[in-house]
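Just follow the structure's listing: the first ligand is 1, and inside any ligand the first atom is 1. Basis for what follows: all heavy atoms, side chains included, without hydrogens, waters or symmetry-related copies. No experiment lies behind these values; they were computed from the predicted model shown.
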Amino acid sequence: MSLKKQDSKIYKAIQDEVHRQQEGLEMIPSENFVSEAVLEALGTVLTNKYSEGYAGKRYYGGNTFIDVIEKTAVQRAKELFGVEHANVQPYSGSPANQAVYYALLEPGDKVMGLSLPYGGHLTHGWKVNFSGRYYHSVPYGVDQETHLINYDEILAMAKKERPKLLIAGATAYPREIDFEAFGRIAKEVGAYLLADISHVAGLVVAGVHQSPVPAADVIMTTTHKTLRGPRGAIIMCPRKEDRLKEKYHADSKWNLAELIDRAVFPGLQGGPHNHQTAAIAVALREAATADFKNYGQQIVKNAKVLAENLLGHDFQLVSGGTDNHLILIDLTNKQLSGQEAETLLDEVGITVNKNMVPFDTRKPLDPSGIRLGTPALTARGFKEEDMRIVADLIAKTIHNPKKELVKKETLKGIKELTDRYPIYTNLA
Ligand code: DSN
């Protein structure tokens, strides 16, 4: 029976969401639109199957075709990123980072990552997360003046703290991350380097951002952000050998790749989500095309034009602009909180998220900033000239919170844009 007939409530909510995505400007920088082929792979009978273990070594029968799918996804990840090993089973980014910790560390070991209020991720050592609770987190921040990562300061701190794991990566950092510099620091202090490229994986693949492959011991990426895949994550080892085996795992018979695989299963997870693995494989194939390279380049071009035009409307941008897919606006000069701006923009169909800015004096649930980005709009086909219009629409909305006529004009402007770049037309 069709979903529509069997469960009209859920069917309607899904249709409403299709329309929301089609008719609004999706600007949360960690979100994207997958292709119809990826969607098709996700909604398949693969969700019915258990396949604990790895290809050729499963704890359940009937995995002939699942093995084909998982091996294909692994091979595509290895080729796309240029790594020796890939594990495509993590359910998403947080479980994947948990697996990296489980593979490399013992509880209480020291980790050093970018602090959450300065743009880091919960799993990079934040106190309420497993990473801050079960490990000894000594977070670094950003420079007070420039809001940039200060590699000299991180080196000095790492020399003093001697972390076992150094983490390079962010969720709200608008500049390119210098993985090579992080690699030098990790080598100097004898730490593992985890590059969490969840936000910028698509930019790395497109060659617009530095690849962490030469520098990192382990690379983790979610698959659903700039990479344009389904929700999920991949853990990769550029080199299978454990560079610090003598120091940290002298008694272990496993190399780095084996430590990672054993941490994902049986360490933390049960059966992989095979429908997700298939969709990841499809997305990785798409990401290997010339079109995707153009897409990654366009994401950054669009973000830069958006940033320039927002500056023209007197918005204050953290670090003064962007090198990647995201922009962090500090709304302090607009007498508006991040929550108020998020709500105002939501009312006209512009979706962004409230976000702390570095050295924020407000609270996480009502911070001083909003975070916005270009991956999803670029996936629809938006170009530089469209981003100028988007900047105008954002400015109008923020500057005229109570004017109904302005709101009407903005809604009209958004409709013109979204009609020009339809998505999922076969689903509406
Ligand atoms: N929640 C993601 C983001 O929005 O950046 C990170 O996990």
Over 60° means perpendicular and under 30° means parallel, so classify the ring planes of Phe182 and Tyr140, tilted if in between.
tilted
One finds that the ligand 1 atoms under 4.0 Å from a non-hydrogen atom of Thr171 are 5 (O), 6 (C)
Taken in chain and number order and not counting sequence neighbours, the residues that satisfy side chain to side chain contact (heavy atoms under 4.5 Å, CB included) with Tyr102 are Ala263, Leu268
query = Does Arg371, backbone or side chain, put an N or O under 3.5 Å from an N or O of ligand 1?
reply = yes
In this structure, atom 5 (O) of ligand 1 is nearest to the protein heavy atom His199 NE2, 2.7 Å
Please say whether the positively charged group of Arg228, taken as NZ for Lys or CZ for Arg, lies over the ring of Tyr295, i.e. under 6.0 angstrom from the six-membered ring centre and within 45 degrees of the axis. yes
side-chain hydrogen bond (donor to acceptor under 3.5 Å, both in side chains) filter on Gln15, not counting sequence neighbours, yields none
* Quick one: does Glu31 get within less than 4.0 Å of ligand 1, heavy atoms only? -> no
Residue, atom and distance of the protein heavy atom nearest atom 2 (C) of ligand 1 read Lys225 CE, 3.8 Å
Near Ser30 (heavy-atom distance under 4.0 Å), the atoms of ligand 1 are 3 (C), 4 (O), 5 (O)
Here the gap from Tyr135 atom OH to Asn129 atom CG, rounded to the nearest 0.5 Å, amounts to 10.5 Å
Taking the six-membered ring of Tyr192, is NZ or CZ of Lys164 closer than 6.0 Å to its centre and within 45° of its axis? no
The protein heavy atom nearest to atom 7 (O) of ligand 1 is His121 NE2, 2.8 Å
